[in-house]
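Here is the structure we will look at, set down as structure tokens.
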Amino acid sequence: MLRYIRICTALAVLLGATACLEKYPAQSIPEKEAMQNYNDAEQHLVGIYSSLKSGALYTGYLTLLPDIQSDLVYAVEGNSNTYGDYWQWTVRSTASEILSVYGSLYTVIGDCNFFLDRIDAVKAAETDDEKLDVLDAYTGEVYAIRALCYSELLKCFCKAYDPATADQEPGVVLRTKYFEKEPVRRATLRDSYDFVLQNLAKAEELLSDEDSENAANAVFFTLAAAEALHARVALYMQDWETAIEYSSKLIDERSHLFELADAKTAITSDGLTWFDYMWFYDQSPEVIFRVGLLSTDSTGALGSVFLSFNRDYTYFYPDFVPAQWVLNAYDNNDQRYASYFADKNNGIVIGYGNGMEWPLLVKYYGNRNFIQSYIYHISMPKVFRLAEQYLIRAEAYCNLPTPNYTAASKDLTTLRQTRYASGGTLNVTQANWLEQISNERVRELYMEGFRLHDLKRWGMGFERQKQSFAQNEGSTLKIEGDDPRMVWPIPQHELEAPGSEIEPNESNN
């Protein structure tokens, strides 16, 4: 409990920073003065968490761009052209967003490396046994965060993992030390993923269930969050048995800590369900790890490009609206629709002056506590939710050497029945499992940053169908499953930096 109180107090007062493969940590503390004792280590960890608030990461580009690039939205005619290159698939290696994602992830990694290089000296100077235990937990968190950042780099800048070819495909640059110079070249895809697993193994060894009473809605990495990441990485590696093992830890072994958010029963006087509350106030019994935000934080606004209500506080000016096929994917009993989308019947009036009427994404309308201070469209990203674990396990069941479609059906049905007013049963078969999994991941994880990566690992493309209100450029785009642009280009300045041996991606050409 000591670590929980301390880290939450520190998170409430410290702000973060950003920056690509730079040597100095984001806090820019001189090396000889940094991390000398317990308090220094604690503050450095707080800085790492603060860096995760960057608008280049979960509160912005890392969450939004993969879904905008896919088949989930349409760019509205007359939009501000925000993220237009991603929707039109004309992303270049000099794109500022690509640079920001890449650089911000490596900045966090650099901070983690600094912590890990210094922590042994801090522990050697500490005599309080309780503080030593806390420092072990902090170290576990840092290993988990480093694993998370590398997993995101692999998703965005590498091909999908295939066990048969992973030794031949380029992975990412593995920066493992802060004080030692390392070659600036990409490891293989297999070695890159193995490094993520090594970090997770260390995290799981050091983290414990000490703070289990505070597991839901955690703003720091718990053992449960590390296990959730392990399940996701195993799925991406096509390690179906491990994906099932780790998702089951969250679903079954930790059922006393997390439960799916019910979308049927009101828990507030104004009729909000737990599922509504998850998006209105960023809290839910199914949130395993979220990026904790304060109203004073400088961060991204996930809902701006879908709503832009704060343009005049009267009308909405969306850059992107949900694709028709997505809206059609929800049936009448699916309560997620009302939590995610709204139209003129809900007071949503579009202000473009062309008479456009269309349901808008209100999932990221904004934390209502922030809105009281006229801060709109700021939501706390839910990096890991229990719902994803059900989807992971269902997909893994379908890919076993002897598929277990019955178990997959049960998991999907369990998830859906918490979201449905009535019904929700889903039957998965050999003929339909991929379609069912794909559609359910869209319905549940819409605009949470998964779609492009899902399409890439399934080898699936898509084709947009023109809508009357949509911008012409990009509205009839057809992308094949093997399109090299599924993988983001390595930032050009990383390729050209002195001493760089980084191999470009096909999308760099």
Side-chain angles (χ1 to χ4, degrees), residues 18-23 25-26 45 48-49 51-52 54 56-58 61-63 66 98-117 139-161 166-167 169-178 180 182-207 221 225-239 242-243 246 289 291 381 383-384 449-450 453 456-457 487-488 490-491 494 502-503 505:
T18 62
C20 228
L21 298 177
E22 293 182 352
K23 182 175 176 59
L45 178 58
I48 292 173
Y49 280 111
S51 292
L52 293 179
S54 165
L57 301 179
Y58 296 102
Y61 305 155
L62 188 60
T63 298
I98 293 289
L99 172 60
S100 293
V101 171
Y102 193 90
S104 294
L105 288 170
Y106 272 112
T107 292
V108 179
I109 289 168
D111 285 351
C112 291
N113 290 342
F114 185 88
F115 182 100
L116 294 173
D117 279 359
T139 305
E141 291 175 52
V142 172
Y143 276 118
I145 294 169
R146 190 166 72 170
L148 175 65
C149 290
Y150 274 118
S151 75
E152 299 294 3
L153 286 164
L154 288 164
K155 282 163 55 180
C156 294
F157 296 97
C158 299
K159 293 182 178 179
Y161 189 94
D167 286 325
E169 294 293 346
V172 295
V173 178
L174 296 179
R175 303 299 293 266
T176 65
K177 301 291 184 181
Y178 177 80
E180 297 179 17
E182 297 172 297
V184 186
R185 70 170 69 98
R186 299 171 74 171
T188 67
L189 192 59
R190 187 183 305 279
D191 287 346
S192 298
Y193 269 95
D194 283 348
F195 186 68
V196 171
L197 295 179
Q198 291 165 21
N199 278 261
L200 285 174
K202 291 176 181 177
E204 290 160 19
E205 177 185 347
L206 292 167
L207 295 171
F221 248 91
E227 291 168 346
L229 176 57
H230 203 146
R232 183 190 292 173
V233 170
L235 182 79
Y236 283 23
M237 294 181 71
Q238 300 182 28
D239 184 354
T242 301
Y246 274 84
F289 171 65
V291 177
V383 181
F384 297 109
F450 291 95
H453 310 307
K456 179 171 65 175
R457 64 191 180 85
V487 180
W488 285 356
I490 302 295
E494 291 298 308
I502 299 176
E503 179 182 348
N505 287 327

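Computed from heavy atoms alone, side chains included, the values below leave out hydrogens, waters and symmetry copies.
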In terms of relative ring orientation, are Tyr150 and Phe195 parallel, tilted or perpendicular, with 30° and 60° separating the classes?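 Perpendicular.
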Specify whether Phe384 and Phe221 have parallel, tilted or perpendicular ring planes, treating 30° as the upper limit for parallel and 60° as the lower limit for perpendicular.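 Taking Phe221 first and then Phe384, their aromatic rings stand perpendicular (interplane angle over 60°).
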Salt bridge present between Lys202 and Glu205 (N-O < 4.0 angstrom):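 No salt bridge links Lys202 with Glu205.
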Considering only NZ, NE, NH1 and NH2 on the basic side and carboxylate oxygens on the acidic side, decide whether Arg186 and Glu503 come within less than 4.0 Å.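 No salt bridge links Arg186 with Glu503.
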Counterpart residues, side-chain contact (heavy atoms from CB on, under 4.5 Å), relative to Ala160 (two or more places apart):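 Result, side-chain contact (heavy atoms from CB on, under 4.5 Å) vs Ala160: Lys456, Arg457.
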Distance (rounded to the nearest 0.5 Å) between [X] [atom1] and [Y] [atom2]:
X	Y	atom1	atom2	result
Ile48	Phe115	CD1	CZ	6.5 Å
Asp111	Arg146	CG	CZ	12.0 Å
Ile109	Ser51	CD1	OG	12.0 Å
Phe157	Glu494	CZ	CD	9.5 Å
Cys156	Asn505	SG	CG	11.0 Å
Leu153	Ser192	CG	OG	9.5 Å

In a table with atom names and distances, give each donor-acceptor pair under 3.5 Å that connects a side chain of residues 231-238 to protein atoms at least two apart or in another chain.
{"residue": "Arg232", "atom": "NE", "partner": "Glu388", "partner atom": "OE2", "Å": "2.8"}
{"residue": "Arg232", "atom": "NH2", "partner": "Val383", "partner atom": "O", "Å": "2.7"}
{"residue": "Arg232", "atom": "NH2", "partner": "Glu388", "partner atom": "OE1", "Å": "2.9"}
{"residue": "Gln238", "atom": "NE2", "partner": "Tyr161", "partner atom": "O", "Å": "3.0"}

